[in-house]
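I have placed the structure first, in the form of structure tokens, so that the comments after it can refer back to it.
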Amino acid sequence: MSRNTVQRQIILAGLQRLNSHPTIDEVYAEVQKEHPAISKTTVYRNLRNLADEGIIRQVALPDGLERYDGFAARHYHFNCTRCGCISDVAVEYLQSLDDSIEQSYGFRVEGHDTVFTGACQDCADRAAGSLPAARSSAKN
């Protein structure tokens, strides 16, 4: 387990302030606002360590960028293929799926990540012509 350093706490607080699923660059930019002496390498190393320890989650998305989630419990995500927003999906984690794969294939499953893709509500509404183009929304 890594030491609980001041830098680590600053980086974790920066991630949580964003209340989204930010990239390393986005976390770094947030941290830089108040702590310009912290390097990008330090942010990267600490995010990785926090994820490895299960304090935060690394989110694997089709865009290939590493994204991080301050909510560490196993859960699913939705990624809008139009605007790129990422949202948590509040459905029960299917432990039975992990168990089934273990029983069927003999693998030692540590968990699974599922990302649903499609159009978020705003993009679907916009495509249907029912949402003014000027409206914007902040999504996690």
Side-chain angles (χ1 to χ4, degrees):
M1 183 168 201
S2 295
R3 292 183 359 213
N4 193 14
T5 66
V6 171
Q7 290 177 328
R8 177 180 162 112
Q9 290 304 311
I10 290 168
I11 293 163
L12 181 58
L15 169 65
Q16 292 170 337
R17 271 194 312 275
L18 290 171
N19 193 29
S20 63
H21 299 82
T23 64
I24 291 171
D25 288 337
E26 292 167 334
V27 175
Y28 175 65
E30 179 65 23
V31 169
Q32 284 288 292
K33 291 177 186 176
E34 295 180 16
H35 303 280
I38 295 179
S39 72
K40 189 173 183 179
T41 301
T42 298
V43 171
Y44 178 81
R45 183 182 63 250
N46 278 278
L47 286 173
R48 281 281 176 99
N49 289 340
L50 288 163
D52 288 347
E53 294 168 20
I55 296 168
I56 64 172
R57 292 190 64 76
Q58 183 176 353
V59 182
L61 294 174
D63 66 11
L65 293 175
E66 291 182 24
R67 294 178 179 269
Y68 292 88
D69 188 344
F71 180 54
R74 289 192 169 157
H75 62 282
Y76 302 114
H77 294 92
F78 179 85
N79 181 212
C80 180
T81 57
R82 289 162 180 81
C83 72
C85 75
I86 304 160
S87 301
D88 290 334
V89 176
V91 296
E92 184 179 345
Y93 181 83
L94 299 175
Q95 181 64 46
S96 61
L97 183 57
D98 296 350
D99 299 340
S100 176
I101 297 299
E102 282 191 357
Q103 290 172 4
S104 297
Y105 295 95
F107 300 147
R108 292 205 173 258
V109 177
E110 295 175 358
H112 65 274
D113 292 314
T114 299
V115 178
F116 299 94
T117 59
C120 68
Q121 188 66 57
D122 285 351
C123 287
D125 289 349
R126 199 171 292 116
S130 62
L131 184 68
R135 178 178 166 192
S136 65
S137 66
K139 295 211 169 131
N140 324 5

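Numbers here simply count residues along the sequence, with the first being 1.
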Does the Gln32 side chain pair with the main chain of Ile38, one donor and one acceptor, at a distance under 3.5 Å?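 Such a contact is found between Gln32 side chain and Ile38 backbone.
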
Would you check if the side chain of Arg67 reaches a backbone N or O of His21 as a donor-acceptor pair within less than 3.5 Å?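 Confirmed, Arg67 side chain pairs with His21 backbone.
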
Of the non-hydrogen atoms in Ile56 and Leu47, which two are nearest, and what is the gap between them?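 Of all heavy-atom pairs spanning Ile56 and Leu47, the closest is CD1-O, 3.6 Å.
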
Grab the two heavy atoms, one from Val89 and one from Phe116, that are nearest each other, plus how far apart they are.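 So the minimum-distance heavy-atom pair works out to CG2-CD1, 4.3 Å.
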
All salt bridge (Lys or Arg N to Asp or Glu O under 4.0 Å) counterparts of Asp52, not counting sequence neighbours: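 Partners of Asp52 by the salt bridge (Lys or Arg N to Asp or Glu O under 4.0 Å) criterion come out as none, since no residue qualifies.
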
Tell me, please, which residues at least two apart from Asp113 pass salt bridge (Lys or Arg N to Asp or Glu O under 4.0 Å).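 Here the qualifying residues are Arg57.
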
Flag for [Y]-[X]: side-chain donor and acceptor within less than 3.5 Å:
X: Gln121; Y: Asp125; answer: yes
X: Tyr28; Y: Glu26; answer: no
X: Asn49; Y: Glu53; answer: no

Between atom [atom1] of [X] and atom [atom2] of [Y], what is the distance when rounded to the nearest 0.5 Å?
X: Ile11; Y: Asn46; atom1: CD1; atom2: CG; result: 4.0 Å
X: Ser20; Y: Leu18; atom1: OG; atom2: CG; result: 5.0 Å
X: Asn79; Y: Cys85; atom1: CG; atom2: SG; result: 7.5 Å

Counting C-beta onward and ignoring hydrogens, is there a side-chain heavy-atom pair between [X] and [Y] closer than 4.5 Å?
X: Asp88; Y: Asp69; result: yes
X: Cys120; Y: Cys83; result: yes
X: Tyr68; Y: Leu50; result: no
X: His112; Y: Tyr76; result: yes
X: His35; Y: Gln7; result: no

Any carboxylate oxygen within less than 4.0 angstrom of a Lys/Arg side-chain nitrogen, looking at Glu102 and Arg108?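 No, Glu102 and Arg108 are not salt-bridged.
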
Could you point out which residue of Thr42, Leu15, Val31, Thr5 forms a side chain to side chain contact (heavy atoms under 4.5 Å, CB included) with Ile10?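 Looking at Thr42, Leu15, Val31, Thr5, the match for Ile10 under the side chain to side chain contact (heavy atoms under 4.5 Å, CB included) is Val31.
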
Ring-plane angle category for Phe107 and Tyr105, please: parallel below 30°, perpendicular beyond 60°, tilted otherwise.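 If you compare the ring of Phe107 with that of Tyr105, the planes turn out parallel.
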
Stepwise side chain to side chain contact (heavy atoms under 4.5 Å, CB included) test for Ile55 and Arg8: CA-CA 11 Å; Ile55 296 168; Arg8 177 180 162 112; 3.0 Å; yes

